[in-house]
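Structure first, then comments.
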Amino acid sequence: MRNPPKDGGLQAHGGPMFPRGTALLATPLLNKGTAFSETEREVLGLRGLLPPRVFSLQEQAKRVMGNFRRKSDPLEKYIFLSALQNRNETLFYKIVEEHIEETVPIIYTPTVGQACLEYGANFAQPRGLFISIRDRGHIAEVMSNWPHTDVRMIVVTDGERILGLGDLGALGMGIPVGKLSLYTACAGVHPYYCLPITLDVGTDNLSLHDDEFYIGLKQKRVRGAEYDDFIAEFVAAVKAHYPKALLQWEDFGNTNAFRLLGEYQDKLASFNDDIQGTAAVALAGVIASLRITGARLRDQKLLFLGAGEASTGIASLFVTAACAEGLSVAEARSRCWFVDSNGLLVRNRPGKLPHHKEPFAHDHPYLPTLSEALEAVRPTALIGASGVPRTFTREIIARMGELNERPVIFALSNPTSKAECTAEDAYTGTGGRAIFASGSPFPPVTLNGRTHVPGQGNNVYIFPGVGLGVLAAESRQVTDSMFLTAARTLASLVSAEDIAVGRLYPAFNKIRSVSLTIATAVAEEAYATGLAQRERPANVEADIAARMFVPHYRDLV
Ligand code: NAI
């Protein structure tokens, strides 16, 4: 990773010479709006195009934040921030970073879900690349239309499983755009390096076929060999155009997500955040919980509700972690149990099991319900990632409290309305003994004079740091072991004060330093394992910190 060119890369790709006048004002990576200095205005042909008074970035940020706060509707706030990002990226990141707890729920979950649903109706200005199945045979040409030559971070979706909202087709573009904004805001990856991509292979969401404002192809999804060939051409084009890019697979449907990860994990630096990022953030929560229970990781027994990308990803990483503590793979897997929509995951269950569930199908009599499974498994931790709300009933929570002095209960399903239980349910149902974390935020709960602060196990604690570390070392691959490293590092950053109130994750306003610490650990691993394509600097953390993007204006003349 090096600092991107001062001209935002415009000259590097043979584009117009350094932009001037209105072209400069229309280049969001360079535009400063009213903050262009007198000299810049003079030299760059801006005189008369801006009102005469020169403002500072700080003054602009104050004005913009005032306008932002005057809007009451989160979607209006999202549209306001998107427009700002498309106009002036420095100012956008300035306010996102300075008000990270206030702005991230707007540029990402939960608001981004609504923004995706209405992406067509609100469409104003494109951001990122849309590559459709009709571009087959020409994907490299499409990619060469992107104005930046040195892309290092790609987030790509085919829109089949957007958050908990299902198949949104091309409307899913809000997700790669949002995730890349978080890479910059939370880990300082330079926006110049970032490229959001949506692959449009159609949609099986028939309501979109009837939607007059739908922006994607109105056809059923292409599947099978045609889909695989399309993806293969896409990956080849990425490798040819952007050999140093890290490719993040995002919000693909279940069948493709596991397949694509398996197919490409060793072929280029790539990972799937829904599977591996979720795994790391949840495992970090489990590791942090051991500081409260005093138990060992290898002695944990996990019961999952749901056996999809999130749950099986968490279990797989748990197996890696438990094996590192001396268990065999079989022993570690025997500590992970699943109840999905068909009941307890066991070998003799009728019907063919999908590939990702097979390793966790145990030899055990079939049980249809969660409460029966709870009785049979007697887990130390109950982890919900089913997308089905209120499935951790009062009885289930109470029983967890009987089975464990400090029961670990994670309700990871998003958004809040989908959570398996609330923080209040978990604490009141166990007399305040539960160690609780959730996917969506819950307010603190005070019980018998004691305040419990639920941790939010959001992937944003993991992927920006992992990505930054991989970029910094120019690692050829993103390994499972790097996610284990990230999980352990994150858990180590939970303070004694956090633990004292039951919070399993660091405060979110520390996210940039959390990401830097994770990036350093991941980069060190890339250097140590020979995956790095860059020579190890003397001080890895200082090297990364020095190259993190900080939103300030640079003199252009
Ligand atoms: P998925 O679609 O891959 O898996 C869902 C699983 O739930 C499937 O195994 C399905 O059989 C099971 N299921 C459905 N209905 C059920 C029922 N009534 N009882 C038991 N199991 C049932 O989805 P994925 O990616 O695993 O996500 C699941 C949930 O986890 C979503 O709500 C998602 O928002 C959340 N999630 C949270 C994250 C976080 O907070 N860090 C990260 C990723 C996902």
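Atoms within a ligand are numbered from 1 in the order they appear, just like the ligands themselves. Position 1 is the first residue of the sequence, and the numbers go up from there.
Of the N or O atoms in Gly164, none lie within a sub-3.5 Å distance of an N or O in ligand 1. Here's the thing with Asp274: none of its N/O atoms is less than 3.5 angstrom from an N/O atom of ligand 1. Backbone and side-chain nitrogen or oxygen atoms of Gly308 are examined, and one is located within less than 3.5 angstrom of a nitrogen or oxygen of ligand 1. In terms of polar-atom proximity, defined here as any N/O pair under 3.5 Å, Gly457 does make such a contact with ligand 1.
Looking at atom 5 (C) of ligand 1, its nearest protein heavy atom turns out to be Ala385 O, 4.0 Å. The protein non-hydrogen atom at the shortest distance from atom 22 (C) of ligand 1 is Ser341 N, 3.5 Å. Shortest contact from atom 29 (C) of ligand 1 to any protein heavy atom: Ser413 OG, 3.6 Å. From the protein, the heavy atom lying nearest to atom 15 (N) of ligand 1 is Val388 CG2, 3.3 Å. The protein atom (non-hydrogen) at minimum distance from atom 25 (O) of ligand 1 is Arg161 NH1, 2.4 Å. Protein heavy atom in closest approach to atom 43 (C) of ligand 1: Thr278 OG1, 3.2 Å. With hydrogens left out, the protein atom closest to atom 26 (O) of ligand 1 is Ala310 N, 2.8 Å, a heavy atom. What sits closest to atom 33 (C) of ligand 1 on the protein, heavy atoms only, is Asn414 N, 4.0 Å.
If you look at Lys418 next to ligand 1, there are no close heavy atoms at all, none under 4.0 Å. When non-hydrogen atoms are compared, ligand 1 lies under 4.0 Å from neither the backbone nor the side chain of Asn342.
Heavy-atom proximity to Ala307, at under 4.0 Å, picks out these atoms of ligand 1: 6 (C), 8 (C), 9 (O). Heavy-atom proximity to Asn459, at under 4.0 Å, picks out these atoms of ligand 1: 39 (C), 41 (N), 42 (C). Less than 4.0 angstrom separates some heavy atom of Leu305 from each of these atoms of ligand 1: 20 (C). Using a 4.0 Å cut-off to heavy atoms of Gly439, the atoms of ligand 1 that qualify are 40 (O). The Asn254 neighbourhood of ligand 1 comprises atoms 1 (P), 2 (O), 3 (O), with distances under 4.0 Å to a heavy atom of that residue. Which parts of ligand 1 touch Gly306 is read off a 4.0 Å heavy-atom cut-off, strictly below it: atoms 6 (C), 7 (O), 9 (O), 12 (C), 21 (N).
Looking at Gln248 and Tyr183, their side chains come closer than 4.5 Å, going by heavy atoms from C-beta outward. By the 4.5 Å heavy-atom criterion applied to side chains, Lys179 and Pro196 are not counted as neighbours. For the pair Phe92 and Ser181, the minimum side-chain heavy-atom distance is below 4.5 Å.
Judged by distance alone, the side chains of Thr380 and Asn404 never bring a donor and an acceptor atom under 3.5 Å apart. With 3.5 Å as the limit, one finds a donor-acceptor pair spanning the side chains of Tyr227 and Asp158. Side chain to side chain, Thr278 and Glu309 fail the donor-acceptor criterion of an N or O pair below 3.5 Å. Between the side chains of Thr157 and Thr198, no donor N or O sits under 3.5 Å from an acceptor N or O. A donor-acceptor pair shorter than 3.5 Å cannot be found between the side chains of Asp210 and Ser207. The closest side-chain donor-acceptor pair between Thr391 and Glu420, if any, does not fall under 3.5 angstrom.
Distances from ligand 1 to the non-hydrogen atoms of Leu412 include at least one value under 4.0 Å.
The aromatic rings of Phe258 and His356 sit parallel, their planes meeting at an angle under 30°, below the 60° perpendicular limit. Using a 30° and 60° split on the angle between ring planes, Tyr93 and Phe549 fall in the perpendicular class, above 60°.
Judged by a 6.0 Å distance limit and a 45° cone about the ring axis, Lys357 is not positioned over the six-membered ring of Phe338.
Among Thr255, Ile383, Asp340, the residue whose heavy atom lies nearest to atom 20 (C) of ligand 1 is Asp340. If you check each of Ala279, Ser417, Ser386, Gly166 against atom 14 (C) of ligand 1, the one with the closest non-hydrogen atom is Ser386.
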#### Entry: Steps toward salt bridge (charged side-chain N to carboxylate O under 4.0 Å, His left out) verdict (Arg399, Glu375)
CA-CA 9 Å; Arg399 187 66 186 128; Glu375 230 32 79; 2.8 Å; yes
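Listed by first and then second residue, the ring pair (Phe, Tyr, Trp, His ring centres under 6.0 Å) pairs involving residues 261-291 are Trp249-Tyr264, Phe271-Phe483 (not counting sequence neighbours).
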